[in-house]
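See structure below.
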Amino acid sequence: MAIDFELTADQKKIKDQAREFAQEVLRPVADRADALPDPQEAFRATKPVYEQAAALGYPAMFLPAEYGGGGASTVDFLVAIEELCAVDPGFPTTLLVNGLALMPVLHWGTEAQRERWIGAAAADVRGDFLAGWVVSERGGTANFDHPSPQAGIQLVADHDRARGEYVLHGEKHWPCNAGGWDLGGADVNLCVVRTDRRAGGREALSAVLVERGTPGVRYEVIDKMAHRTCQNVTMTFRGARVPEENLLAPGDGDLLVNRNFTWSAPIASMAAVAVARGAYDFALKWARTYTGGGSGPIIEHQAVGHLLTEIAARIEAGRYLCWKAAHYLDATDGEAHALAGMNKTFCGDLMQSVVVDCMRIVGVNALDRKFPMARYYREAMVFPLYDAGNLAMQRRRAWGVMADAAFTPDTFVDGERIPFTKAMEGYGVTSETG
């Protein structure tokens, strides 16, 4: 992307197509689904939208062309994501999580694993294929790289060498897409597991691919206050067996987690910008027509005009940081751990304040459910909490890179690549090992 931030002709087409899809296809379904009391039914209500999205190639947009995917850059994907999330951030999360589940297969998997799973996702034009990213646990995941075997990831995968299988015991909490459309499981769930009961998080973690229909796995849907059009579950494993060939990143599951949340960070950041943009669009139209009992629209009042100016500036700043982080990620082959983390924390936190300021402009009418502001408020609360929460995981990763001697204040502006290593992990984690 040129430094002047001008979208290419192809990117403008992506934007226009995504905006039309969001307004004409997604909006009417998302508005109805968000109001459904049953969380699984809310998710299932988006299936027709997902089918139309698959026909347009959205679920495979970010996958490599060599495996049948769209071959889009991260910047290209962000252009589409902004338009979708400005209408509803839940549904695009389903698309994002397909990527979170499949990107590790691309980076860490065998060629056979890539051809099978990435190929299957790319070949799906009917909108049936789902992949789940399964890392979070009920006890928390922020300290996944903790040096104690009793801390961090506790879903255990014991190696049964005689049968050539790994046996899984434990629980995951909050994985997305994992239950599938019918709670029979996603087509494949990429699960971060502990393959060494005696080692800490830098040595003990790996990932396994758990296929749909694997015995010993149970799914229970979580009822959420926001992002209701995507699915989150509690996933319980009781002696679930997976073949040895479904293992990837043995002993490097910690690096897999860090790289994955680096890839998703600009996407989640753009989702936050998009929700703020939706609130801003409504507040701006409101200010141009609402009088507040005065003789003219409230946009003519200095306080409102100044606040709208600040809101617009914060949205522009957030968007361009997302583009920069995505461009840097593409240019450095995914080694954007620090900048992506900064992007996620900056936008996730800042866009909450944008939505609140938009509500101040609308006033008490922002609380009326016939207007969209209450929903924008609910959705905005999600971004600092999900996709590696801002309070810990995202900031810790950026901290680790900045502590390295290779990092300088010019690293990002010069586009320098700093490989992420295990030595950059563990910042902010207590040191006891017992």
Side-chain angles (χ1 to χ4, degrees), residues 1 7-30 33 43-107 109 113-133 176-177 180-181 186-188 190 229-231 260 263-264 266-268 270-271 274 322-323 326-327 329-330 334:
M1 185 174 66
L7 297 179
T8 66
D10 286 342
Q11 287 168 338
K12 290 177 181 178
K13 290 179 182 178
I14 291 171
K15 177 180 179 178
D16 291 343
Q17 182 190 65
R19 180 170 291 189
E20 180 179 3
F21 179 86
Q23 296 291 341
E24 301 299 325
V25 179
L26 176 58
R27 183 182 293 280
V29 174
F43 173 59
R44 282 180 52 81
T46 67
K47 181 65 161 55
V49 181
Y50 191 82
E51 291 169 355
Q52 294 186 62
L56 293 172
Y58 285 143
M61 180 180 177
F62 45 79
L63 297 176
E66 63 187 284
Y67 295 103
S73 69
T74 309
V75 177
D76 294 339
F77 192 45
L78 257 62
V79 171
I81 284 295
E82 180 180 350
E83 298 307 318
L84 300 179
C85 288
V87 166
D88 170 59
F91 174 77
T93 301
T94 304
L95 307 180
L96 165 64
V97 172
N98 275 343
L100 278 167
L102 295 171
M103 284 300 179
V105 180
L106 178 65
H107 298 139
Q113 289 170 337
R114 294 189 196 107
E115 290 178 357
R116 180 179 181 186
W117 295 113
I118 298 179
D124 175 37
V125 295
R126 297 192 338 180
D128 294 325
F129 187 92
L130 277 181
W133 165 236
C176 190
N177 290 6
W181 298 111
D187 293 83
V188 64
L190 187 138
T229 50
C230 64
Q231 178 204 71
N260 228 24
W263 174 77
S264 64
I267 303 167
M270 186 58 86
C322 293
W323 286 0
H327 175 66
L329 187 146
D330 288 336

Of the non-hydrogen atoms in [X] and [Y], which two are nearest, and what is the gap between them?
X      : Y      : answer
Leu190 : Ala101 : CD1-O, 3.4 Å
Ile267 : Leu78  : CG1-CD1, 3.7 Å
Ala45  : Val29  : O-CG1, 3.2 Å
Trp263 : Leu329 : CA-CD1, 3.6 Å
Asn260 : Leu100 : ND2-O, 2.7 Å
Ala131 : Asn177 : O-ND2, 3.1 Å

Residues forming a side chain to side chain contact (heavy atoms under 4.5 Å, CB included) with Arg44, sequence neighbours excluded
Gln40, Glu41, Trp181
Between [X] and [Y], is any pair of side-chain heavy atoms under 4.5 Å apart?
X      : Y      : value
Trp323 : Met270 : yes
Trp133 : Asn98  : no
Ile14  : Phe77  : no
Leu96  : Ser264 : yes

Rounded distance [0.5 Å steps], [atom1] in [X] versus [atom2] in [Y]:
X      : Y      : atom1 : atom2 : result
Tyr67  : Glu115 : OH    : CD    : 6.5 Å
Thr74  : Ile81  : OG1   : CD1   : 11.5 Å
His327 : Asp330 : NE2   : CG    : 8.0 Å
Thr46  : Gln231 : OG1   : CD    : 9.5 Å

Got a list of side-chain donor-acceptor pairs under 3.5 Å for residues 58-66, not counting sequence neighbours?
{"from": "Tyr58", "atom 1": "OH", "to": "Gln17", "atom 2": "OE1", "distance (Å)": "3.2"}
{"from": "Tyr58", "atom 1": "OH", "to": "Ala18", "atom 2": "N", "distance (Å)": "3.4"}

With Gln23, which residues qualify under side chain to side chain donor-acceptor pair (under 3.5 Å), at least two apart?
Arg27
Mind checking side chain to side chain donor-acceptor pair (under 3.5 Å) for Thr93 and listing every partner two or more places apart, or none if nothing turns up?
none
List the residues meeting salt bridge (Lys or Arg N to Asp or Glu O under 4.0 Å) with Lys47, not counting sequence neighbours, and say none if there are none.
Glu51, Asp128
Show me, pair by pair, the donor-acceptor contacts under 3.5 angstrom made by side chains of residues 83-92, not counting sequence neighbours?
{"from": "Glu83", "atom 1": "OE1", "to": "Arg19", "atom 2": "NE", "distance (Å)": "2.7"}
{"from": "Glu83", "atom 1": "OE1", "to": "Arg19", "atom 2": "NH2", "distance (Å)": "3.3"}
{"from": "Glu83", "atom 1": "OE1", "to": "Arg277", "atom 2": "NH2", "distance (Å)": "3.2"}
{"from": "Glu83", "atom 1": "OE2", "to": "Arg19", "atom 2": "NH2", "distance (Å)": "3.4"}
{"from": "Glu83", "atom 1": "OE2", "to": "Arg277", "atom 2": "NH1", "distance (Å)": "3.0"}
{"from": "Asp88", "atom 1": "OD1", "to": "Thr229", "atom 2": "OG1", "distance (Å)": "3.3"}
{"from": "Asp88", "atom 1": "OD1", "to": "Arg375", "atom 2": "NH2", "distance (Å)": "2.4"}
{"from": "Asp88", "atom 1": "OD2", "to": "Phe91", "atom 2": "N", "distance (Å)": "3.0"}
{"from": "Asp88", "atom 1": "OD2", "to": "Thr229", "atom 2": "OG1", "distance (Å)": "2.7"}

